[in-house]
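This report refers to the structure that appears directly beneath it.
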Protein chains: 2
Amino acid sequence: MGVAERKEREKEELREQILTAAKSLFLKKGVEKTSIRNIADLIEYSPGSIYHYFKDKDEIFYALHQGGFQQLMAKMVVINDLPHPLERLKAMGSIYVHFALENPDMYDLMFIKEAPLDHVARTKALEWNEGEATFKFLRSTLRECMDQGYFQGQEEEALSFLIWSTVHGMVSLSIRRRCEVVLADRQDTIVKDGLDAFFNILDRL
Amino acid sequence: MGVAERKEREKEELREQILTAAKSLFLKKGVEKTSIRNIADLIEYSPGSIYHYFKDKDEIFYALHQGGFQQLMAKMVVINDLPHPLERLKAMGSIYVHFALENPDMYDLMFIKEAPLDHVARTKALEWNEGEATFKFLRSTLRECMDQGYFQGQEEEALSFLIWSTVHGMVSLSIRRRCEVVLADRQDTIVKDGLDAFFNILDRL
DNA sequence: AATATAATTGAACAGTGTTTAATTACAAAA
DNA sequence: TTTTGTAATTAAACACTGTTCAATTATATT
């Protein structure tokens, strides 16, 4: 009687195969330049098959995008060892920046590209749990800092957004290559230096 | 004998027509979803014609992208009226953010999309004069602030990058719609509030 | 062995960017 | 005015894209 279960398992396996193939192609050639036919060729199925597992190309994109947040969150948990909330906040920033620079294509998928949130918008905007969880984690850490007297006269939500924006700004300018011309001589250190300057400012507040 | 000049003028006019049509379509439908055939239809020429004026779609994109910087710089010059350098710095931030939110598609072209700098990379990375000029303007303003004793213990270049990243981060998260879910209740004020918090921090340094 | 169901396919549709051979327009020379 | 040469314009073609769908194949149940 376990035949339905086996079929379910096989279906899940092929779904996973599609995602693996799509991921490797997306990260290698970019989302736009990867076609459904490319993915189909790699897993040796016909293009039409893919549409039995995913509604459209965006749904594949979105499924991968979720995995990225799990990766990021997994790296974040180590900060729980740090007793001081401001140290935790800074560690979060470091982890965020390192994740982005080590996985620029995944970061691009998660925070820069427009497709995934068009998908979210279509599915009634209730699905970006991953992004929400990450932001809430930042907010609660900042809350603890403020409870200990840091950042007085500031408002938690706006300041959280500002901090997120700062690290996002640095890595996204770097990933989308706006530093290459403007900061040609220190391309590869500017994000680290910017982050240090940021931590310096946080310490002084 | 002015026939060559007239022909030159007519050629330039058609080039301008293509750019105007492309701009209106890019801003209305997005770059990706605007086809060469769409542009050709709008100016009532054949698709092939366009390739006598522009090497490819990217070259059209890049030509428009240059115009955006001229717009932004034109708005920036008004800050020269402000005598205090820190006020000038903050005014630059406001102008930058307002420009981005009022012309999100143009901002997208200039600072978020990947295409224009791929073009720059191909043309040996020496062409992003526009972006460079804008950044130099920020640096010189920050220099003046530091000369008057602000931001002590910071390094000019890294801090310039950090400031640019902060405003870029806020507007790009907004433009690429990462606030909608995470900050649903104050979507339309969060960038302004974030900017105020930023100015508040700058004042305290 | 026949039937029902689910998975898979290939062909088709309407679109894309780009190239090119052929055509048209038009100023200069005969 | 007619011919010639050149530059602008075009239609057609190429190789692709995402997506749909009728037809086929495979497989489990009766």
Side-chain angles (χ1 to χ4, degrees), chain A residues 1-19 21-23 25-26 28-65 109 113-116 118-119 122, chain B residues 1-19 21-23 25-26 28-65 109 113-116 118-119 122:
Chain A
M1 209 94 341
V3 59
E5 284 85 345
R6 199 207 64 221
K7 282 217 153 191
E8 192 56 44
R9 219 165 44 234
E10 281 173 358
K11 212 173 137 85
E12 185 54 39
E13 263 167 43
L14 186 46
R15 215 190 109 97
E16 221 57 51
Q17 256 191 76
I18 294 169
L19 284 179
K23 185 176 177 180
L25 289 172
F26 281 1
K28 200 191 301 168
K29 317 200 307 168
V31 178
E32 231 74 51
K33 281 174 182 167
T34 299
S35 70
I36 298 289
R37 284 170 183 82
N38 294 155
I39 301 169
D41 282 353
L42 199 58
I43 60 168
E44 297 176 292
Y45 275 76
S46 75
S49 293
I50 291 175
Y51 288 86
H52 281 258
Y53 294 85
F54 296 95
K55 196 184 128 287
D56 54 23
K57 200 182 170 184
D58 264 18
E59 200 166 283
I60 302 174
F61 183 91
Y62 181 66
L64 288 175
H65 154 272
L109 247 65
K113 285 217 150 66
E114 30 197 347
D118 283 355
H119 182 275
R122 254 186 281 130
Chain B
M1 210 95 341
V3 59
E5 286 84 346
R6 199 207 64 218
K7 280 218 154 187
E8 192 55 45
R9 219 165 45 235
E10 280 174 357
K11 213 172 136 87
E12 187 53 41
E13 262 167 42
L14 186 46
R15 214 190 109 96
E16 221 56 51
Q17 254 191 79
I18 293 170
L19 285 177
K23 185 176 178 182
L25 289 172
F26 281 2
K28 201 192 296 169
K29 318 199 310 170
V31 177
E32 230 75 51
K33 281 175 182 166
T34 298
S35 70
I36 298 290
R37 284 170 183 79
N38 294 154
I39 301 169
D41 282 353
L42 199 56
I43 60 168
E44 297 176 292
Y45 274 76
S46 76
S49 293
I50 291 175
Y51 288 86
H52 281 257
Y53 295 86
F54 296 94
K55 197 185 126 286
D56 53 23
K57 199 182 170 183
D58 264 17
E59 200 166 282
I60 302 175
F61 183 89
Y62 181 66
L64 289 175
H65 153 270
L109 248 65
K113 287 217 148 68
E114 31 196 347
D118 282 356
H119 181 277
R122 254 187 279 132

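Numbers restart at 1 for each chain; the letters A, B, ... are given by sequence-line order, proteins then strands.
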Euclidean distance, atom [atom1] of residue [X] to atom [atom2] of [N] [Å, nearest integer]:
X	N	atom1	atom2	answer
Glu10(B)	dT9(D)	CD	P	9 Å
Asp41(B)	dT10(D)	CG	P	11 Å
Gln17(B)	dT9(D)	CD	P	10 Å
Lys11(A)	dA28(D)	NZ	C1'	16 Å
Ile36(B)	dG17(C)	CD1	P	5 Å
Glu44(B)	dA11(D)	CD	P	13 Å
Arg15(A)	dT8(C)	CZ	P	14 Å
Ile50(A)	dT20(D)	CD1	C1'	14 Å

Applying a 4.0 Å non-hydrogen cut-off, can you work out what [X] is touching in the nucleic acid: base, sugar-phosphate, or nothing?
X	answer
Ser46(B)	base
Phe54(A)	nothing
Ser35(B)	sugar-phosphate

Side-chain donor-acceptor contact under 3.5 Å, Lys33(B) with Asn38(B):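 Result is no, nothing qualifies.
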
Is the shortest side-chain N/O distance from [X] to OP1 or OP2 of [N] below 4.0 Å?
X	N	answer
Lys57(A)	dT19(D)	no
Ser49(A)	dA7(C)	no
Asn38(A)	dC16(D)	no
Arg6(A)	dA28(D)	yes
Tyr53(B)	dT9(D)	yes

Can you find a heavy atom in the side chain of [X] that is under 4.5 Å from one in the side chain of [Y]?
X	Y	answer
Arg15(B)	Ile18(B)	no
Ile50(A)	Ile60(A)	yes
Ile43(B)	Leu14(B)	yes

Exceeds 12 heavy-atom contacts within 6.0 angstrom, atom CD of Glu10(B): yes

Lys57(A) atom NZ, neighbour heavy-atom count above 12 within 6.0 Å: yes

Donor-acceptor pair (no angle test) under 3.5 Å: Arg37(A) side chain, dG18(D) base: yes

Heavy-atom closest contact (Leu42(A) atom, Ala21(A) atom, distance):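 In this case the closest contact between Leu42(A) and Ala21(A) is CD2-CB, 3.7 Å.
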
Nearest-neighbour nucleotide for the His52(A) side chain, dT9(D), dT18(C), dT8(C) considered: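 From the listed options, dT8(C) comes nearest.
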
Of the listed nucleotides dG17(C), dT9(D), dT19(D), the one nearest the side chain of Tyr51(A):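 Between dG17(C), dT9(D), dT19(D), the one nearest the side chain of Tyr51(A) would be dT19(D).
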
Rounded to 10 degrees, the angle between the two terminal axes of the helix from dA1(C)-dT30(D) to dA30(C)-dT1(D), each from five pairs: 30°

Spacing of Glu59(A) atom CD and Tyr51(A) atom OH [to the nearest 0.5 Å]: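 Rounded to the nearest 0.5 Å, the CD-OH separation comes to 11.0 Å.
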
